[in-house]
Protein chains: 2
Amino acid sequence: MAESAGPAGNETLLFLTDDQIRKGIEAMFFAYRGFTADPDRILAVQGYGRAHHRAIHFINRSPGTTVNNLLAILGVTKQSLNRVLRTLIDDGLVLSEVGTRDRRERNLYLTEAGAALERELSTAQRDRMRAAFRQAGPDAVAGFRRVLEAMMDGDMRRHYMRFREF
Amino acid sequence: MAESAGPAGNETLLFLTDDQIRKGIEAMFFAYRGFTADPDRILAVQGYGRAHHRAIHFINRSPGTTVNNLLAILGVTKQSLNRVLRTLIDDGLVLSEVGTRDRRERNLYLTEAGAALERELSTAQRDRMRAAFRQAGPDAVAGFRRVLEAMMDGDMRRHYMRFREF
DNA sequence: TTGGAATGTCAACAAGGCTGACATAAATTG
DNA sequence: CAATTTATGTCAGCCTTGTTGACATTCCAA
């Protein structure tokens, strides 16, 4: 090809140079800090951490979800999750009900207090995300989603896609 | 406006509905896991963690950087960074040289062994990022970058932009 | 020379990962 | 029915990585 040029040897692939990729890597690093900054501040007041936020988020997303399902989504050990879940249950933010179909399972729900904290956290996080979306524009948002979806591990993509329709 | 419709009350803002935003939030969460998965596996073998990776990455990006500069970029306490830096120096991956201009400062460099580990880590991470970029396409990559840049805190954006030209 | 800045270090603590072991209850399977 | 598997909880202990506080050293600059 006569128009071949540059380090990548192909102009159509210039967005795949190592430097472009490195910028993407650093963008992920710095942006993730912003992404978690607002919830982190709110959680710190209550003495909670990101692990609590994640549990609250996914229980809110799928009320009645089981411990096992949460373990698969969060990718942590049951001991680790249990510690977090225990404090949330003891503090009255999460309700754990014995399963009806299978009584070994525990169905997890947010209490009113839990839902209130969830709203506080997600409002803060959504405000920043909304501002970023608005600033970048709809086409950028679509691209953002496409790249992130391509970056996920297969297992995680399944958990993500399961609620795509909403 | 006659065409006003939907929860947002404006068709041109449909990408800003709470559900769209929530999808963006979960995309960040799941994608970040993929983003760190490969380096995490490599680091675990050596007995290192993400903190070591971050230090190695930014020393490699800016050879001769000072401890203070690294602190500002990483956003941790000097005690926390010092512990990580200490192990890297003791293990012969990082070289700490007394500053010439200001002898209170320490200029940090990767040794050959440190550079080797850096290459191993960044190759793994870049491979995934490159695959995601290729799959999503150049326009999506541009959007990805725009959204992430808009999501950063001001301080972090400054650190990010400082090396934009590469 | 004195103050302040940059750095290092020690100690203590907490969150939240991990592994391993073990208990219990309930469902499932042979 | 008995044995096994599954879902969950819990205890103990370990690691990384964050935090605060205190204090020493070095050295630049006013």
Side-chain angles (χ1 to χ4, degrees), chain A residues 29 32-33 36-37 39-59 64-91 94-109, chain B residues 29 32-33 36-37 39-59 64-91 93-108:
Chain A
F29 172 69
Y32 200 77
R33 295 263 297 277
T36 56
D40 280 355
R41 265 189 295 275
I42 295 168
L43 291 156
V45 177
Q46 265 105 330
Y48 294 137
R50 266 181 222 177
H52 300 84
H53 185 188
R54 294 194 281 262
I56 287 173
H57 174 94
F58 286 104
I59 292 172
T65 188
T66 63
V67 173
N68 245 6
N69 186 38
L70 220 45
L71 284 177
I73 289 177
L74 299 177
V76 296
T77 60
K78 62 173 180 172
Q79 293 92 330
S80 214
L81 176 59
N82 185 257
R83 181 170 36 200
V84 166
L85 234 33
R86 177 74 11 228
T87 71
L88 291 175
I89 292 169
D90 290 350
D91 293 353
V94 166
L95 187 67
S96 169
E97 274 187 356
V98 172
T100 48
R101 196 191 49 196
D102 184 335
R103 301 186 53 211
R104 289 170 305 180
E105 295 182 341
R106 298 291 179 274
N107 296 121
L108 304 169
Y109 304 89
Chain B
F29 172 69
Y32 200 78
R33 295 263 297 278
T36 57
D40 281 355
R41 264 189 295 275
I42 295 168
L43 290 155
V45 177
Q46 266 104 330
Y48 294 137
R50 267 182 220 177
H52 300 85
H53 185 189
R54 293 195 280 264
I56 288 173
H57 174 93
F58 285 105
I59 292 172
T65 188
T66 64
V67 173
N68 242 12
N69 185 38
L70 220 44
L71 284 177
I73 289 176
L74 298 177
V76 298
T77 58
K78 63 174 178 172
Q79 295 89 333
S80 209
L81 175 59
N82 185 257
R83 180 171 36 202
V84 166
L85 236 32
R86 176 68 20 223
T87 71
L88 291 175
I89 292 168
D90 290 349
D91 293 352
L93 300 183
V94 166
L95 187 67
S96 170
E97 275 187 356
V98 173
T100 47
R101 197 191 49 197
D102 183 337
R103 299 186 55 211
R104 292 168 300 182
E105 293 182 344
R106 299 291 180 275
N107 296 120
L108 304 169

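In the text below, chain A, chain B and the rest are named by the order of the sequence lines, each starting its count at 1.
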Peer 1: Would you kindly give the CZ-to-P distance between B/R86 and C/dG8, to the nearest whole Å?
Peer 2: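 In whole Å, C/dG8 P and B/R86 CZ are 7 Å from each other.
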
Peer 1: If you look at every strand shown and take non-hydrogen atoms under 4.0 Å, does B/G47 touch a base, only sugar-phosphate, or nothing?
Peer 2: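 Result for B/G47 = sugar-phosphate.
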
Peer 1: So which protein N/O to nucleotides 10-13 of chain C N/O distances come out below 3.5 Å?
Peer 2:
none

Peer 1: Angle class for the B/Y32/A/Y32 ring planes (parallel below 30°, perpendicular above 60°, tilted otherwise)?
Peer 2: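 Aromatic pair B/Y32/A/Y32 classed parallel.
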
Peer 1: If the sugar-phosphate is the primed atoms plus P, OP1 and OP2 and the base is the rest, what is the B/S/- string for nucleotides 24-30 of chain D, using protein heavy atoms under 4.0 Å?
Peer 2: --BBS--

Peer 1: Tell me every residue that passes ring pair (Phe, Tyr, Trp, His ring centres under 6.0 Å) with A/Y48, counting only those two or more places apart in sequence or in another chain.
Peer 2: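 By the ring pair (Phe, Tyr, Trp, His ring centres under 6.0 Å) rule, A/Y48 matches A/H52.
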
Peer 1: Round to the nearest Å and state the distance from B/I89 atom CD1 to C/dG8 atom C1'.
Peer 2: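 It works out to 10 Å between those atoms.
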
Peer 1: Among D/dT19, D/dG9, C/dC18, which is the nearest nucleotide to the side chain of A/S96?
Peer 2: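 Nucleotide nearest to A/S96's side chain: D/dG9.
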
Peer 1: Taking the side chain of A/T77 as heavy atoms from C-beta outward, which of D/dG18, C/dA6, C/dT19 is closest to it?
Peer 2: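 Shortest atom-to-atom distance from the side chain points to C/dT19.
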
Peer 1: Under the side chain to side chain donor-acceptor pair (under 3.5 Å) test, which residues partner B/T36, sequence neighbours left out?
Peer 2: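 Scan of B/T36 (side chain to side chain donor-acceptor pair (under 3.5 Å), adjacent residues dropped) gives B/R50.
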
Peer 1: Just grab all the side chain to side chain donor-acceptor pair (under 3.5 Å) pairs involving residues 70-83 of chain B, residues at least two apart or on different chains.
Peer 2: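 Qualifying pairs, neighbours excluded: none.
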
Peer 1: Could you give the CG-to-C1' distance, from A/N82 to C/dC18, as a whole number of Å?
Peer 2: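 So the CG-C1' distance, A/N82 to C/dC18, works out to 15 Å.
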
Peer 1: Who are the side-chain contact (heavy atoms from CB on, under 4.5 Å) partners of B/R41, not counting sequence neighbours?
Peer 2: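 Scan of B/R41 (side-chain contact (heavy atoms from CB on, under 4.5 Å), adjacent residues dropped) gives B/A37, B/D38, B/R128.
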
Peer 1: Check every atom of D/dG18, D/dT8, C/dG16 against the side chain of A/V67 and return the nucleotide holding the closest atom.
Peer 2: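 Of the candidates, D/dT8 comes closest.
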
